[in-house]
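The next block holds one structure in the form of C-alpha coordinates; read it before the comments.
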Amino acid sequence: IINTCTVTNLADRKSRQYIRRMKKQSPDAIVAVTGCYAQVSPEELTAMEEVDIVAGTGEKNNLLAYVEEFRQKREAQLHIKTYDELTEYTDKGIITSMESRTRAYIKIQEGCNRFCAYCLIPFARGHVRSRNPEEVVEEARALIESGFKEVILTGINTALYGTETSFAWPLTEEEKEAALTVNATEEITEPAGNGCGAVMLSPVFIIILAVGLVFTRRRANENLPKAE
(Lines give C-alpha, C1' and ligand atoms only; values in the text may rest on other atoms or scores of the structure.)
Protein backbone atom coordinates (compact mmCIF):
# COMPACT_ATOMS: atom_id res chain seq x y z
CA ILE A 1 0.00 0.00 0.00
CA ILE A 2 1.58 3.27 -1.15
CA ASN A 3 0.24 6.61 0.12
CA THR A 4 0.98 9.47 -2.29
CA CYS A 5 1.22 13.28 -2.33
CA THR A 6 0.41 15.63 -5.20
CA VAL A 7 1.41 19.10 -3.98
CA THR A 8 3.90 19.50 -6.86
CA ASN A 9 4.88 17.78 -10.11
CA LEU A 10 8.00 16.63 -8.29
CA ALA A 11 5.85 14.82 -5.73
CA ASP A 12 3.96 13.07 -8.53
CA ARG A 13 7.18 11.96 -10.20
CA LYS A 14 8.66 10.69 -6.95
CA SER A 15 5.50 8.70 -6.28
CA ARG A 16 5.73 7.01 -9.69
CA GLN A 17 9.42 6.26 -9.15
CA TYR A 18 8.70 4.74 -5.74
CA ILE A 19 5.89 2.59 -7.15
CA ARG A 20 8.19 1.18 -9.85
CA ARG A 21 10.96 0.57 -7.31
CA MET A 22 8.66 -1.30 -4.94
CA LYS A 23 7.28 -3.47 -7.74
CA LYS A 24 10.80 -4.26 -8.90
CA GLN A 25 11.77 -5.31 -5.39
CA SER A 26 8.62 -7.45 -4.97
CA PRO A 27 7.38 -8.54 -8.42
CA ASP A 28 4.61 -10.73 -7.00
CA ALA A 29 3.22 -8.08 -4.64
CA ILE A 30 -0.21 -6.51 -5.06
CA VAL A 31 0.34 -2.75 -5.38
CA ALA A 32 -2.43 -0.51 -4.05
CA VAL A 33 -1.93 3.24 -4.47
CA THR A 34 -3.92 5.78 -2.45
CA GLY A 35 -3.59 9.37 -1.30
CA CYS A 36 -3.88 12.75 -3.00
CA TYR A 37 -2.12 11.80 -6.26
CA ALA A 38 -4.50 8.87 -6.65
CA GLN A 39 -7.47 11.16 -6.02
CA VAL A 40 -6.46 13.97 -8.37
CA SER A 41 -4.82 12.04 -11.24
CA PRO A 42 -6.10 8.45 -11.12
CA GLU A 43 -5.72 8.03 -14.90
CA GLU A 44 -1.94 8.47 -14.62
CA LEU A 45 -1.74 5.68 -12.07
CA THR A 46 -4.10 3.27 -13.80
CA ALA A 47 -1.89 3.62 -16.88
CA MET A 48 1.06 2.18 -14.92
CA GLU A 49 1.43 -1.56 -15.35
CA GLU A 50 2.89 -1.82 -11.85
CA VAL A 51 -0.34 -0.60 -10.19
CA ASP A 52 -3.15 -3.02 -9.35
CA ILE A 53 -5.47 -0.87 -7.23
CA VAL A 54 -6.05 2.90 -7.23
CA ALA A 55 -8.07 4.24 -4.28
CA GLY A 56 -8.79 7.91 -3.57
CA THR A 57 -8.52 9.74 -0.27
CA GLY A 58 -12.05 8.75 0.72
CA GLU A 59 -11.41 5.03 0.17
CA LYS A 60 -8.52 4.30 2.55
CA ASN A 61 -10.70 2.47 5.05
CA ASN A 62 -11.71 0.02 2.30
CA LEU A 63 -8.22 -0.88 1.11
CA LEU A 64 -8.03 -4.28 2.78
CA ALA A 65 -11.33 -5.30 1.19
CA TYR A 66 -10.10 -4.15 -2.22
CA VAL A 67 -6.86 -6.12 -1.84
CA GLU A 68 -8.81 -9.24 -0.92
CA GLU A 69 -11.07 -8.73 -3.93
CA PHE A 70 -8.04 -8.40 -6.19
CA ARG A 71 -6.56 -11.61 -4.80
CA GLN A 72 -9.70 -13.44 -5.87
CA LYS A 73 -10.43 -11.82 -9.25
CA ARG A 74 -7.02 -10.53 -10.35
CA GLU A 75 -8.63 -7.53 -12.05
CA ALA A 76 -7.36 -3.93 -11.85
CA GLN A 77 -9.48 -1.69 -9.64
CA LEU A 78 -10.28 2.02 -9.53
CA HIS A 79 -12.13 3.51 -6.54
CA ILE A 80 -12.51 7.31 -6.52
CA LYS A 81 -15.17 9.44 -4.84
CA THR A 82 -15.91 12.84 -6.36
CA TYR A 83 -15.60 16.14 -4.48
CA ASP A 84 -19.37 16.20 -3.90
CA GLU A 85 -19.25 12.67 -2.47
CA LEU A 86 -16.55 13.52 0.08
CA THR A 87 -18.90 15.10 2.61
CA GLU A 88 -18.60 13.03 5.81
CA TYR A 89 -15.67 12.64 8.18
CA THR A 90 -14.54 9.01 8.21
CA ASP A 91 -13.56 7.72 11.63
CA LYS A 92 -10.20 5.95 11.52
CA GLY A 93 -10.10 4.98 15.19
CA ILE A 94 -8.50 6.32 18.36
CA ILE A 95 -4.71 6.71 18.49
CA THR A 96 -3.18 5.95 21.88
CA SER A 97 0.57 5.92 21.14
CA MET A 98 3.07 7.67 18.86
CA GLU A 99 6.79 7.72 18.18
CA SER A 100 7.20 10.76 20.42
CA ARG A 101 6.44 10.27 24.11
CA THR A 102 5.86 13.97 24.78
CA ARG A 103 3.97 15.52 21.86
CA ALA A 104 0.85 13.95 20.32
CA TYR A 105 -1.14 14.89 17.22
CA ILE A 106 -4.91 14.59 16.84
CA LYS A 107 -6.60 15.08 13.47
CA ILE A 108 -9.85 17.01 13.92
CA GLN A 109 -10.79 18.07 10.40
CA GLU A 110 -10.63 17.08 6.73
CA GLY A 111 -11.17 18.93 3.46
CA CYS A 112 -11.34 22.55 2.35
CA ASN A 113 -13.90 24.75 0.56
CA ARG A 114 -11.63 27.70 -0.25
CA PHE A 115 -10.61 26.78 -3.83
CA CYS A 116 -7.58 29.07 -3.95
CA ALA A 117 -6.34 29.46 -7.54
CA TYR A 118 -2.97 27.82 -6.83
CA CYS A 119 -4.15 24.96 -4.62
CA LEU A 120 -5.28 21.38 -5.36
CA ILE A 121 -6.34 20.53 -1.82
CA PRO A 122 -10.15 20.86 -2.29
CA PHE A 123 -9.94 18.50 -5.28
CA ALA A 124 -7.72 16.07 -3.37
CA ARG A 125 -9.51 16.16 -0.01
CA GLY A 126 -13.13 17.13 -0.70
CA HIS A 127 -15.59 19.18 1.34
CA VAL A 128 -14.88 20.44 4.85
CA ARG A 129 -15.69 17.65 7.31
CA SER A 130 -15.21 18.04 11.05
CA ARG A 131 -14.55 15.22 13.47
CA ASN A 132 -17.02 14.61 16.28
CA PRO A 133 -15.89 16.65 19.33
CA GLU A 134 -16.53 13.70 21.65
CA GLU A 135 -14.09 11.58 19.63
CA VAL A 136 -11.47 14.35 19.75
CA VAL A 137 -11.78 14.68 23.53
CA GLU A 138 -11.77 10.87 23.95
CA GLU A 139 -8.55 10.57 21.94
CA ALA A 140 -6.99 13.46 23.88
CA ARG A 141 -7.91 11.77 27.15
CA ALA A 142 -6.36 8.47 26.03
CA LEU A 143 -3.14 10.19 24.97
CA ILE A 144 -2.91 12.23 28.16
CA GLU A 145 -3.51 9.12 30.25
CA SER A 146 -0.62 7.53 28.33
CA GLY A 147 1.67 10.31 29.57
CA PHE A 148 1.75 12.83 26.71
CA LYS A 149 2.37 16.41 27.87
CA GLU A 150 1.36 18.25 24.71
CA VAL A 151 -1.47 17.75 22.21
CA ILE A 152 -1.52 19.41 18.79
CA LEU A 153 -4.82 19.56 16.89
CA THR A 154 -4.25 19.17 13.15
CA GLY A 155 -6.25 19.13 9.94
CA ILE A 156 -6.29 20.30 6.33
CA ASN A 157 -7.66 23.71 7.39
CA THR A 158 -8.31 23.74 11.12
CA ALA A 159 -9.79 27.27 10.95
CA LEU A 160 -12.79 25.68 9.20
CA TYR A 161 -13.43 23.16 11.97
CA GLY A 162 -17.10 23.03 12.91
CA THR A 163 -18.25 25.49 10.24
CA GLU A 164 -20.61 23.03 8.53
CA THR A 165 -24.29 23.92 8.94
CA SER A 166 -25.03 20.38 10.14
CA PHE A 167 -22.29 20.36 12.78
CA ALA A 168 -23.42 19.62 16.35
CA TRP A 169 -21.71 19.98 19.74
CA PRO A 170 -22.44 16.90 21.93
CA LEU A 171 -20.49 18.31 24.88
CA THR A 172 -21.47 18.27 28.53
CA GLU A 173 -23.04 21.37 30.03
CA GLU A 174 -19.83 22.00 31.98
CA GLU A 175 -17.73 21.83 28.80
CA LYS A 176 -20.15 24.12 26.95
CA GLU A 177 -20.10 26.69 29.75
CA ALA A 178 -16.30 26.62 29.95
CA ALA A 179 -15.75 26.64 26.19
CA LEU A 180 -18.44 28.92 24.77
CA THR A 181 -18.14 31.91 27.09
CA VAL A 182 -14.98 33.70 28.17
CA ASN A 183 -14.83 36.79 30.36
CA ALA A 184 -13.69 39.76 28.32
CA THR A 185 -9.99 40.50 28.05
CA GLU A 186 -8.67 43.05 25.61
CA GLU A 187 -6.33 40.49 24.10
CA ILE A 188 -8.98 38.11 22.75
CA THR A 189 -12.37 39.80 22.60
CA GLU A 190 -14.46 42.95 22.57
CA PRO A 191 -17.34 43.72 24.93
CA ALA A 192 -20.56 42.05 23.88
CA GLY A 193 -23.69 44.04 23.12
CA ASN A 194 -25.16 43.36 26.56
CA GLY A 195 -22.13 44.98 28.20
CA CYS A 196 -21.10 41.86 30.10
CA GLY A 197 -17.99 41.39 28.00
CA ALA A 198 -18.64 37.80 26.92
CA VAL A 199 -18.20 36.43 23.39
CA MET A 200 -19.10 33.30 21.44
CA LEU A 201 -15.86 31.74 20.24
CA SER A 202 -15.05 30.00 16.96
CA PRO A 203 -15.52 26.20 16.88
CA VAL A 204 -11.80 25.48 16.57
CA PHE A 205 -11.10 27.52 19.71
CA ILE A 206 -13.92 25.74 21.50
CA ILE A 207 -12.41 22.31 20.83
CA ILE A 208 -9.00 23.59 21.96
CA LEU A 209 -10.56 24.65 25.26
CA ALA A 210 -12.40 21.33 25.56
CA VAL A 211 -9.13 19.42 25.18
CA GLY A 212 -7.54 21.85 27.63
CA LEU A 213 -10.14 20.85 30.20
CA VAL A 214 -8.90 17.26 29.93
CA PHE A 215 -5.36 18.43 30.77
CA THR A 216 -6.64 20.54 33.67
CA ARG A 217 -8.63 17.70 35.19
CA ARG A 218 -5.72 15.32 34.79
CA ARG A 219 -3.35 17.66 36.59
CA ALA A 220 -5.91 18.38 39.30
CA ASN A 221 -6.31 14.64 39.94
CA GLU A 222 -2.52 14.22 40.12
CA ASN A 223 -2.33 16.90 42.82
CA LEU A 224 -5.05 15.37 45.01
CA PRO A 225 -3.75 13.90 48.29
CA LYS A 226 -3.33 10.12 48.06
CA ALA A 227 -5.45 8.00 50.41
CA GLU A 228 -3.42 5.91 52.83
Side-chain angles (χ1 to χ4, degrees), residues 1-5 7 34-36 39 55-65 86-113 121 124-164 166-183 185 187-188 200-227:
I1 296 176
I2 300 174
N3 194 24
T4 60
C5 175
V7 173
T34 187
C36 292
Q39 179 72 31
T57 53
E59 296 284 357
K60 292 181 179 180
N61 281 14
N62 301 320
L63 277 170
L64 291 181
L86 295 171
T87 57
E88 295 184 7
Y89 189 93
T90 303
D91 180 24
K92 294 180 174 61
I94 300 296
I95 297 175
T96 57
S97 63
M98 296 187 183
E99 182 177 356
S100 168
R101 295 303 303 163
T102 302
R103 176 180 298 171
Y105 296 85
I106 300 177
K107 186 173 182 179
I108 65 170
Q109 179 269 342
E110 178 68 273
C112 184
N113 297 341
I121 284 178
R125 296 288 189 162
H127 284 272
V128 169
R129 290 102 73 199
S130 300
R131 189 176 180 185
N132 186 308
E134 288 182 327
E135 293 179 4
V136 176
V137 174
E138 180 184 352
E139 185 164 324
R141 184 176 292 111
L143 290 166
I144 293 166
E145 291 295 330
S146 297
F148 286 93
K149 305 300 182 184
E150 181 181 352
V151 170
I152 297 176
L153 305 182
T154 70
I156 300 302
N157 189 338
T158 53
L160 299 178
Y161 178 80
T163 56
E164 307 99 297
S166 60
F167 189 77
W169 285 100
L171 302 178
T172 66
E173 290 304 316
E174 180 185 3
E175 288 168 334
K176 288 178 183 177
E177 182 179 355
L180 289 174
T181 305
V182 174
N183 290 331
T185 60
E187 291 79 6
I188 65 171
M200 295 295 288
L201 302 174
S202 68
V204 68
F205 195 57
I206 294 171
I207 196 64
I208 290 172
L209 290 176
V211 172
L213 283 175
V214 179
F215 271 114
T216 302
R217 291 167 181 161
R218 168 73 173 178
R219 290 171 181 169
N221 291 336
E222 288 176 346
N223 292 331
L224 289 175
K226 300 292 188 297

Please tell me if the side chains of [X] and [Y] come closer than 4.5 Å, counting only heavy atoms from C-beta onward.
X: L153; Y: T158; result: no
X: L143; Y: I106; result: yes
X: C112; Y: R125; result: no

Just jot down the side-chain contact (heavy atoms from CB on, under 4.5 Å) partners of [X], sequence neighbours excluded, or say none.
X: T154; answer: Y105, K107, I152
X: E135; answer: D91, R131, N132
X: L64; answer: none
X: Q39; answer: T57, I80, L86

Please report the interatomic distance [atom1]([X]) to [atom2]([Y]), rounded to the nearest 0.5 Å.
X: T34; Y: N3; atom1: OG1; atom2: CG; answer: 6.0 Å
X: N157; Y: N113; atom1: CG; atom2: CG; answer: 9.0 Å
X: Y89; Y: F167; atom1: OH; atom2: CZ; answer: 11.5 Å
X: E88; Y: S166; atom1: CD; atom2: OG; answer: 8.5 Å
X: L160; Y: E110; atom1: CG; atom2: CD; answer: 12.0 Å

Checking R103 now: which residues fulfil salt bridge (charged side-chain N to carboxylate O under 4.0 Å, His left out) with it, not counting sequence neighbours?
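Listed in chain order: E150.
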Does S130 have any side chain to side chain donor-acceptor pair (under 3.5 Å) partners at least two apart in sequence or in another chain, and if so, which?
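Expected list: E164.
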Partner set under side chain to side chain donor-acceptor pair (under 3.5 Å) for N61, not counting sequence neighbours
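So N61 forms no side chain to side chain donor-acceptor pair (under 3.5 Å) with any residue.
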Once ring pair (Phe, Tyr, Trp, His ring centres under 6.0 Å) is applied, what residue pairs with a partner in residues 124-145 remain, sequence neighbours excluded?
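Only Y83-H127 qualify under ring pair (Phe, Tyr, Trp, His ring centres under 6.0 Å).
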Short side-chain to backbone donor-acceptor contact, Q109 and G111, under 3.5 Å
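Side chain of Q109 to backbone of G111: a pair is present.
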